[in-house]
Colleague: 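Sharing a structure, written as structure tokens. Questions coming.
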Amino acid sequence: MKSKKVWVIILYTVFLSVSLATGFKPGIQTGKNLLSFAYQIMKVLPFAFILIGLFEVWVPRQTVEKHLGTGSGLKGHLWAVILSAPMVGGLYVAFPMAYTLYKKGASLGVIFTFLGASSLCRIPMLIFEASFLGIRFSLARLAVSLPLVVGSSAVLGRILQKKGYQPNMDL
């Protein structure tokens, strides 16, 4: 599997190099997009990972289990939505945070809600959306999508818990 990943990276690098050497505009634009994306991500990720590390150290496991664990119910899902709202960096930050929550005892359903909510109701995204489409649209979208995410996350979490599912956390 790793050899396939290495070959993909090598082929991509060759493609970008040949594009630059021959003046192939779509390849050059692809390279520019890659650099722009890498620059944007590098502005966010280091700080986000520092905050996730501080969360791992400062927030005790008992607190996460109490508020986000299997016995937390609907309150745990609400906490997951609140925790996801101020996030920056999208799923690049949400997945490592979900991993940390799982290690600290959060239930699978709450983690699914956290991941869904981090895609739906991040405050920076809501501000951007409301400025273009209006606050009424943003609130209506949240009112429709958030209950669906919470409900489906709770159901999926319960089904997987009954089946004894354990996520593969080998990195």
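When reading the values below, keep in mind they use all heavy atoms of this one structure, side chains included, and skip hydrogens, waters and symmetry mates.
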Colleague: When you group the ILVMFWY residues by side-chain heavy-atom contacts below 4.5 Å and let the links chain together, are F112 and L83 in the same group?
Modeller: yes
Colleague: With rounding to the nearest 0.5 Å, note down the distance linking CE in M125 to CD1 in I123.
Modeller: 11.0 Å
Colleague: Report the C-alpha separation of V18 and F24 in whole Å, then their side-chain angles, then the decisive distance to 0.1 Å, and conclude whether the side-chain contact (heavy atoms from CB on, under 4.5 Å) test is met.
Modeller: CA-CA 8 Å; V18 170; F24 184 61; over 6 Å; no
Colleague: Within the structure provided, determine whether T63 and P60 are in side-chain contact (heavy-atom separation under 4.5 Å).
Modeller: yes
Colleague: Rounded to the nearest 0.5 Å, what separates atom OH in Y12 from atom OG in S17?
Modeller: 11.0 Å
Colleague: Counting only heavy atoms not in Y92, do more than 12 fall under 6.0 Å of its OH?
Modeller: no
Colleague: May I ask you to check whether F49 and Y99 place their ring centres under 6.0 Å from each other?
Modeller: no
Colleague: Does Y102 share a hydrophobic cluster with V81, counting links as ILVMFWY side-chain heavy atoms below 4.5 Å and allowing steps through other members?
Modeller: no
Colleague: Work out which heavy atom in G69 is nearest to a heavy atom in S72; give both atom names and the distance.
Modeller: O-OG, 2.7 Å
Colleague: Using 0.5 Å steps for rounding, measure from the CG atom of L139 to the CD atom of E129.
Modeller: 9.0 Å
Colleague: What pair of heavy atoms forms the shortest contact from S119 to L91, and how long is it?
Modeller: OG-CD2, 3.6 Å
Colleague: Which heavy atom of C121 sits nearest to which heavy atom of L126, and what is that distance?
Modeller: O-CD1, 3.9 Å
Colleague: Give a yes or no on whether the backbone of G27 and the side-chain of K32 come within a donor-acceptor separation of less than 3.5 Å.
Modeller: no
Colleague: Can you sort out the partners of Q29 under side-chain hydrogen bond (donor to acceptor under 3.5 Å, both in side chains), two or more places apart, ordered by chain and number?
Modeller: N33
Colleague: Find out if a path of hydrophobic residues (ILVMFWY) with successive side-chain heavy-atom gaps under 4.5 Å connects L120 to V110.
Modeller: no
Colleague: Taking R141 for its side chain and L146 for its backbone only, find out whether a donor-acceptor pair lies under 3.5 Å.
Modeller: no
Colleague: Could you tell me the separation between the CG atom of L51 and the CH2 atom of W58, rounded to the nearest 0.5 Å?
Modeller: 8.5 Å
Colleague: Please report the closest heavy-atom contact between V88 and P124, naming both atoms and the distance.
Modeller: CG2-CG, 4.2 Å
Colleague: Can you find a pair of side-chain heavy atoms, one from I82 and one from L78, that are under 4.5 Å apart?
Modeller: yes
Colleague: Within a reach of under 6.0 Å around NZ of K43, are more than 12 heavy atoms found that belong to other residues, nucleotides or ligands?
Modeller: yes
Colleague: Testing I52, I50, V57 one by one against L54 for a side chain to side chain contact (heavy atoms under 4.5 Å, CB included), which residue passes?
Modeller: I50
Colleague: Please enumerate all residues that pass salt bridge (Lys or Arg N to Asp or Glu O under 4.0 Å) together with R61, with sequence neighbours excluded.
Modeller: E65
Colleague: Between L16 and L34, is there a side-chain heavy-atom distance shorter than 4.5 Å?
Modeller: yes
Colleague: Which residues satisfy the salt bridge (Lys or Arg N to Asp or Glu O under 4.0 Å) test with K103, sequence neighbours excluded?
Modeller: E56
Colleague: Between R122 (side chain) and S118 (backbone), is there a donor-acceptor pair under 3.5 Å?
Modeller: yes
Colleague: In terms of heavy-atom contacts, does CZ of F15 have more than 12 from other residues, nucleotides or ligands at under 6.0 Å?
Modeller: yes
Colleague: Report whether L68 and Y165 are members of the same hydrophobic cluster (ILVMFWY, side-chain heavy atoms less than 4.5 Å apart, transitive linking).
Modeller: yes
Colleague: Would you name the heavy atoms of S153 and V149 that are closest together and state the gap between them?
Modeller: OG-O, 2.7 Å
Colleague: Quick one, M87 with F114, criterion side-chain contact (heavy atoms from CB on, under 4.5 Å). Give me CA distance, side-chain angles, the key distance, then yes/no.
Modeller: CA-CA 11 Å; M87 286 188 57; F114 172 77; 3.3 Å; yes
Colleague: If you look at every heavy atom in A106 and I111, which pair is closest and at what distance?
Modeller: O-CD1, 3.8 Å
Colleague: Exactly one of L101, T113, T70 should register a side chain to side chain contact (heavy atoms under 4.5 Å, CB included) with S107. Which one does?
Modeller: T70
Colleague: Under 4.5 Å between side-chain heavy atoms, hopping through other hydrophobics if needed: is there a path connecting L156 to F95?
Modeller: yes
